[in-house]
Amino acid sequence: MAHITLEIKDNSQIPFFMELVKNLKFVKKVEVDEKTMSKQEVLDGLKEAVAELNEILAGKKKGKDAFHFLNEL
């Protein structure tokens, strides 16, 4: 058995592709991983984190110590 990972550029085409694959008799299982973040989402998150860190370093915002941070996880 083989596993194949696909990246589909246009999210509007995912329903079409899923329907197509579900109708193939040799396909046992079809899953969609919607947790995967786009490159832009990762970059936006990093920009936000850097901005927050700069505010903490400038004294405009209070940071959390590592002990409290780890306890939240």
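Numbers for residues simply follow the sequence, beginning at 1. A quick note: this is a predicted structure, and the numbers were derived from the prediction, not measured.
Annotation: the span from Ile8 atom CD1 to Asp10 atom CG amounts to 9.0 Å, rounded to 0.5 Å. The line from CD of Glu48 to CG of Asp44 is 8.5 Å long, rounded to the nearest 0.5 Å.
Placement of Leu20 and Phe26 in two distinct hydrophobic clusters is found when ILVMFWY residues are connected by side-chain heavy-atom separations under 4.5 Å, directly or transitively. Linking Ile, Leu, Val, Met, Phe, Trp and Tyr whenever their side-chain heavy atoms come within less than 4.5 Å leaves Leu24 and Phe16 in two separate clusters.
For Lys29, the salt bridge (Lys or Arg N to Asp or Glu O under 4.0 Å) criterion is met by Glu31, not counting sequence neighbours. The side-chain contact (heavy atoms from CB on, under 4.5 Å) test applied to Lys62 returns no partner, not counting sequence neighbours. With sequence neighbours left out, the side-chain hydrogen bond (donor to acceptor under 3.5 Å, both in side chains) criterion links Thr5 to no other residue. Listed by chain and number, the residues in a side-chain contact (heavy atoms from CB on, under 4.5 Å) with Val30 are Met18, Val21, Lys22, Val27 (sequence neighbours excluded). For Glu52, the salt bridge (Lys or Arg N to Asp or Glu O under 4.0 Å) criterion is met by Lys61, not counting sequence neighbours. Remark: Leu46 engages Val42 in a side-chain contact (heavy atoms from CB on, under 4.5 Å) (not counting sequence neighbours).
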